[in-house]
Peer 1: 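Mind having a look at this structure? Questions to follow.
Chain A is the first sequence line, chain B the second, and so forth, proteins listed ahead of strands; every chain is numbered from 1.
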Amino acid sequence: GAVVSQHPSWVICKSGTSVKIECRSLDFQATTMFWYRQFPKQSLMLMATSNEGSKATYEQGVEKDKFLINHASLTLSTLTVTSAHPEDSSFYICSAKSGTSGSRDTQYFGPGTRLTVL
Amino acid sequence: AQSVSQHNHHVILSEAASLELGCNYSYGGTVNLFWYVQYPGQHLQLLLKYFSGDPLVKGIKGFEAEFIKSKFSFNLRKPSVQWSDTAEYFCAASDGGGYNKLIFGAGTRLAVHP
């Protein structure tokens, strides 16, 4: 099956620094990638949707300048948490899809990145 | 507003017991429905999905789900669980009209005891 990787799997940083998380589709070209955030014991919340070569579409309430998303190629999307603060500590998960059938395309999920901001 | 709700947050079963996890959705128009599983330390995996047609959907690992439109439900079932089914299960929905956005339920943590 399709494989999506994330790097790093966990990161600890100081408050005020920026952190970049990578999401890669290893064996398929991802036309669309999604970034989710998962709080402890809660569900996944979609943060943004990115299509290769175009600007990401952010969900309501998600700060575009805080969470920078770049989808520079069909196999790589990055999420940069800028000027991170302790409240940004969370589990960030990406997913990717390759089809063109819209909502019927299967999304393949990465293993997630745990961010801890001190 | 679009939403997905899972009523059981924690379920504990013995091996060979039957499983049913509830999922209800609130969507206008057509809807696509999914069940994902997350085994400890692993990423989300698709168990099954429903787009249209036969409301009884069979997935991997012996799981099935039934779409009941009148009840806005898409419950997940397995007749006999195994210890290896211990995981967290997420119901999700997307707009059947074509928009990709997946909305997830809160998840149900299943523990199966040998």
Peer 1: Is the side chain of B:His7 donor-acceptor paired with the backbone N or O of B:Gly22 at a distance under 3.5 Å, no angle test?
Peer 2: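 No, the answer is negative, given that no donor and acceptor are paired below the 3.5 Å cut-off.
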Peer 1: Here's a test for you: under ring-ring contact (aromatic ring centres under 6.0 Å, His included), which of B:Phe74, B:Trp35, B:Phe63 qualifies with B:Tyr89?
Peer 2: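 Going through B:Phe74, B:Trp35, B:Phe63 one by one, the ring-ring contact (aromatic ring centres under 6.0 Å, His included) with B:Tyr89 is satisfied by B:Phe63 alone.
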Peer 1: Using non-hydrogen atoms and a 4.5 Å limit, figure out which bit of B:Leu44 sits close to chain A: side chain, backbone, both or neither.
Peer 2: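 Both backbone and side chain.
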Peer 1: So what's closer than 4.5 Å to chain A heavy atoms on B:Gln38: side chain, backbone, both or neither?
Peer 2: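 For B:Gln38, the contact with chain A is made by the side chain alone.
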Peer 1: Do any N or O atoms from the side chain of B:Lys101 and from the backbone of A:Thr49 form a donor-acceptor pair under 3.5 angstrom?
Peer 2: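 Absent.
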Peer 1: Under 4.5 Å, heavy atom to heavy atom, which residues of residues 105-114 of chain B contact chain A?
Peer 2: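 The stretch touches chain A at B:Gly105, B:Ala106.
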Peer 1: Does B:Ser5 offer a backbone N or O that forms a donor-acceptor pair with the side chain of B:Asn24 under 3.5 Å?
Peer 2: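 Pair absent, no side-chain N/O of B:Asn24 close to backbone of B:Ser5.
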Peer 1: Examine whether an atom of B:Ile103 lies under 4.5 Å from a heavy atom of chain A, and if so say whether it belongs to the side chain, the backbone or both; otherwise answer neither.
Peer 2: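 Nothing of B:Ile103, per the 4.5 Å heavy-atom cut-off to chain A.
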Peer 1: Relative to each other, are the rings of B:Phe104 and B:Tyr36 parallel, tilted or perpendicular (30° and 60° limits)?
Peer 2: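 Tilted: the ring planes of B:Phe104 and B:Tyr36 meet at 30° to 60°.
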Peer 1: Check for me, please, whether A:Val19 and A:Leu68 land in the same ILVMFWY cluster - side-chain distances under 4.5 Å, paths through other members count.
Peer 2: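 Shared cluster, no.
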Peer 1: Keeping A:Thr80 on the side-chain end and A:Thr82 on the backbone end, is there a donor-acceptor pair under 3.5 Å?
Peer 2: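 Such a contact is absent between A:Thr80 side chain and A:Thr82 backbone.
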Peer 1: Is A:Gln38 in contact with chain B via its backbone, its side chain, both, or neither, using a 4.5 Å heavy-atom distance?
Peer 2: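 The answer is the side chain of A:Gln38.
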Peer 1: Check A:Met47, A:Glu59, A:Gln107 against A:Tyr36 for a side chain to side chain contact (heavy atoms under 4.5 Å, CB included) and give me the one that passes.
Peer 2: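 The residue from A:Met47, A:Glu59, A:Gln107 that satisfies side chain to side chain contact (heavy atoms under 4.5 Å, CB included) with A:Tyr36 turns out to be A:Gln107.
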